[in-house]
Trainee: 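Take this structure first; my questions come after.
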Amino acid sequence: MTLEELAASLGFSSFPPLFAVALAVALVVGLIIFVPILLRVIEIANYAYSNSRIQVMSSRIIPEEKLKEMIEASSLAEVVAALEATEYSPYLREMMDERSEAIERALNRHTADSYREVATMVPMNFKKILAVLLRKWDVYNIKMILRGVYAERSPDDIRADLVPVGELDPSKIGVLVEARSLEEVISNLDGTPYSRLAESLQLFDQTKNLTVFEATLDKILYEDAWGYATSQPLDENLLSLKNYLATNIDVVNLKFVFRAKRDGLAAGSIEGYLVKGGNLAESLIKSILEVDSVDNVVAALEGTKYYQPVLAAVPEYESTRSILPIELALDGYLARVGKDISITQPFGIGPAIGYLSMKEMEIRNVRTLARGIESGLSADEIRNLIMKVGS
Amino acid sequence: MLDVSTGVALAAVGAGISMGAAAIGSGIGVGIAGAAGAGAIAEDPNKFGTALVFQALPQTQGIYGFLGAVLIMIGTGILGGFAGFEAAANTMAGLVGTTPENAALIMGLAAVGGGLSVGLAGLSAIGQGITAAGSIGAVSKEPGAFGKCMVLTVMSETFAVFGLLITILILVGLKLLGA
Amino acid sequence: MFRPVQMRRLHIVALSKYKYPLMKRLHELGVVQITDVGRMMDSPEWTQILENQPSDPAIRQITAHVMSLNKIIDFFDAVSPLPEDNFFKFLFRPSPPKVIAAEKLYGTKLLESTDGLLEEANAAVKEPEERLNRVTSELGELSEKVESLEKIRDFRVDLADVVKTDLLNVFIGVAPRERTDEISNKLSEITDGICYVASQGIFETESVVLVAALTEKSKDVSDHLRRLGFERIDVSGLSGTPADALSELNGRIAALNSEAESLRSEVAKIAEIWRDKLLAHRELLLIERDRLDVVTNFMRTDETFFLVGWIPATSINSVKEEVFKVTKGYSVVKETNPNPTPEDTPVHLQNPPFIRHFQLLTELFGRPKYNEIDPTFMLAPAFMLFFGIMLTDAVYGVMMTVLGLLLLRGGGRYSSSVKDFGVIFTAIGCATIGFGILTGGYLGDFAREYVGITALSPIIFDPMVDVQFFLILVLVIGLIHLNLGLLLGFKENVQRKEYKDAFGDQFWLFPLQIGIALLAMGMDLAGASLCLIGIIIVAIIHGPLFFFDITGYLGDVLSYARLLALGLATSGIAMTVNILSSMVEGVPLIGIALGALVFVIGHIFNWGMNGLGGFVHGIRLHYVEFFNKFYEGGGSEYRPYRIRRELTRE
């Protein structure tokens, strides 16, 4: 059969029209296959730039071996010398004296700068998600201001401790820092998401304990973020954010519960502070609240993903009677979740979540280390305070 | 005057698909890798070498597409215009013992097949670009991974190589190319 | 040459008083890799006798000195940076590395000398540094002032009137525009009307606000202003309208800038005197610190110390001799050949002079393990052959060789990795010339078709014509290459007594391949039964998934077809460039120039792209297809304890 006969048998006058039709059909089928691929590719391309930048930035995070060396340092001067070789060096140069506070300030300013950079370069549809994560630093700042105002430190001193990223306007922060009483700070928070802090004022007046405000702030932060993450239509990125947030909420709650149980607080007095949301079922939290000792909380966690990490820290808790190893284990688990997300989602929110979480860990460790060395702790003691990525 | 216009048209379509589809693939792939490279360079200009190598990898498919198109044009003689094609069709007719019109049609369809093979295989550059982008990020973080990441990136290209190979075999098998 | 260098474990026990001299000598010899003894000594018996060597207190002193040196060096670098070679200069015409002659200083003498140097250098730097800092910070203040004054530039007021007196306090600043009314209301409320507020909108969102109030109320006023978003601008010491003040400030900034400039050149002169000495001392101190640091790996008793390390078998005798010489015989040196070989045995590759440079490509995949074969000696020729086939053009080969030689003559003199690349490029360039001559590729078909030199016709075959022959050739090359890998893998597995892997991973392919060959030659029965034997072996060892072993091997063989594809791509595109340039040559007037341009750029592009392609795919064929058959990699690097000297010469 020649092509002409084939065309004729299919009802075409000659071959070229048949060919044209075949080509058209192939084109349409091709487009149907190709368009979804293309859409996905466009999405990936969006992240290619920002994520490889973030990868370079995270390659500069102080590696574990270096941290180990720094722990062995015998003076802050050596810590500073070790940091000289990192990207902190330009911030350290402005440092006037070698005190741990000065190092912390350098860390804070560096963190603020690098976070701001991440925030400006990510794709548009991701800025909102990042803003949710960066609000952690708003809360951190408000906590520092509350503490500073409570301790009647000068506005300039307080300002030096802040990490000015997040959604709070710099002018707003300026006003907050200038306040001379906690009431004034809180009344100035009017119009921000943190205005609900006013509800805790009464309780604070009774207890005179800043933890009241701090727990409320965490509650506001995580409940708002959780509300955002659950209200949006789910896509891959939001799913990762949700996963990370849920772990974060669980970790915050569990840390609070462990501390309360060690202090022997009753269920009724803690319940109000727990953040709603997260992965842990409400019934489980209820039952955890009812138990009366740290060991029983651990036992109640069996079957959740927090059981193994917490269990590994129990022997140390038992020998030191300090809740810290358990807290470190939980934080380490959170860091692991962040790192996992960064590996499993290279074209999406992953590297940014991983970077933010690793950076948080880095600042925390360097801060611990600097304070520890300044106050003359031994290397072994400091090592016990250092947070590690969970396994 | 024999009518070989259908054959010419088909040959032109084949050459066009070869270059065009491969160019889509390479363009997108290089674009993605380039965006990742720009990100790495923005942070650390020393990453330029790494970025350049990885960005160049998805370009190969475009080159294969170009080569496929040129081979088709040489094989069917349309590089020499209408007359060239006519001459090639006549030779072909003599070789396989059919009318020049039929020979022209065979040549045209062979060109379309060859063009589709290398052209569509060229779309593998998109995947390669994505791997390259990921590799740029990975190598920035862990410079020791350069060799391994390169191997991962070159994997996608295997299919483009096979695409080009099949194009060449079609052209050679149908005696459009070679002796 | 096929295996990494033989290593031995070295144990030295010596009297403590020889510790420093011995460490200094071993540092100079640079062949022993010292390992942490503490980690090996788990048994309680050992821990009873031995204790950890504490770190030397001098280390802290050295670190402090290094920091002080860094401070001055960084200051010099910030003010007058040292010139650095750019990328191309580094590759082709590098400046010779800086060498500073230094005295033989070590131990306490070094520390003392650094002390003196630091004192002198600090004295020289201190005064200009302080002045420069003062000028810079003054500049910063002034430009901040200018920035805020710019906001109120058009507000008509004499800044000399914005003052604080016993009676009256005047503020000027900016506030959100929508709050200006609120400000004046609030202020008149708290001051009972005794205040003056003037405002003028300047930007869309901000207004200049001037407030005059009684000094006794000024604290209250300023508190409220701040809460209402008022940002005060400090204008103390300024007079005239803001515009006048601005021009005066700008004049002062210019004066300060020129002062800063002259200070900088002053510092540059000081840097010239001191920088080299400081750099040399820093390096000497770091070397000294290495010496002191290494002892923390030792264990000790009251009078002796104990160290353990790795050493290449060939250097043992000379090191033994040296140890005895330094310790005057008060030492025990023992060497053992650890068996079974521990995972962390350092791997030192040693290949003949030419092959050595290809180690780079092996290490890019992974350094061999200690008990593994070093595949570099096979990689070098095969890589050259593959590259030659993929670039198939004598002229391109010449270009590659020239590039390699330029690298060797340029950056290769000072940088070992540039030298490696120089050798590799030269080698693969030569291979390309060879293959180009055999296949008659001289800028594609340029020599034959356009210049008409028939002597340059293909010698064995023309890739664009004998495509089938080319395909068979590359597949045969691939089969040979793969079977070489299979044989090596088989031998290695048998040596390691891993017979299951030897048969399941490698051996089954031999009967299968021979069987297929026999089938092709028409010996049906023998061929089929051999094939069956091969398949049965793999099916038994690998289970039902053996099918993928067969297709996998087929894929490996076909993968070598890329040699053909890339080879054709080079000649095809070269040909196209020739066609294109002869086409544009027909353009009137600029035709010839345009043709030449297309010709040159086209060929350089083709050379570059296909050169990169050939390199990358040559590596790939090794890493994926070839290494896969016998090689794992992942050995740890041999890092001898040696002096890392970059700048100083004693």
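Both backbone and side-chain heavy atoms feed into the values below; hydrogens, waters and symmetry mates do not. Throughout, protein chains are lettered first and strands after them, A, B, ... in sequence-line order, and every chain is numbered starting at 1. None of these values were measured; they are calculated from a predicted model.
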Trainee: Starting at OG of B:S140, measure out to CZ of A:R60 and round the result to the nearest 0.5 Å.
Mentor: 10.0 Å
Trainee: Which bit of B:I130 comes within less than 4.5 Å of chain A, counting heavy atoms only: side chain, backbone, both or neither?
Mentor: both
Trainee: Is the shortest side-chain heavy-atom distance between A:Q55 and B:E43 below 4.5 Å?
Mentor: no
Trainee: At a 4.5 Å cut-off on heavy atoms, which part of B:I41 comes close to chain A: side chain, backbone, both, or neither?
Mentor: neither
Trainee: Among B:A35, B:A138, B:A133, single out the residue with the greatest number of heavy-atom pairs under 4.5 Å to chain A.
Mentor: B:A35
Trainee: What part of B:V112 is in contact with chain A, defined as an atom under 4.5 angstrom from a non-hydrogen atom: side chain, backbone, both or neither?
Mentor: side chain
Trainee: Counting only heavy atoms closer than 4.5 Å, note whether B:I24 contacts chain A via side chain, backbone, both or neither.
Mentor: side chain
Trainee: If I measure from the heavy atoms of chain B, does A:F34 come under 4.5 Å with its side chain, its backbone, both, or neither?
Mentor: side chain
Trainee: Given that the side chain runs from C-beta out, which part of A:I61 has a heavy atom under 4.5 Å from chain B: side chain, backbone, both or neither?
Mentor: neither
Trainee: Name the option with the most non-hydrogen atom pairs under 4.5 Å to chain B; the candidates are A:A45, A:S59, A:S50, A:S52.
Mentor: A:S52
Trainee: I'd like to know which of B:A42, B:A40, B:G134, B:G39 tops the heavy-atom pair count under 4.5 Å against chain A.
Mentor: B:G39
Trainee: First locate atom CG of A:N51, then atom CD1 of B:I136, and finally report the distance between them rounded to the nearest 0.5 Å.
Mentor: 12.5 Å
Trainee: Nearest 0.5 Å, what's the CG-CD1 distance between A:L23 and B:I17?
Mentor: 6.0 Å
Trainee: Is the number of heavy atoms from other residues, nucleotides or ligands under 6.0 Å of B:K47 NZ greater than 12?
Mentor: yes
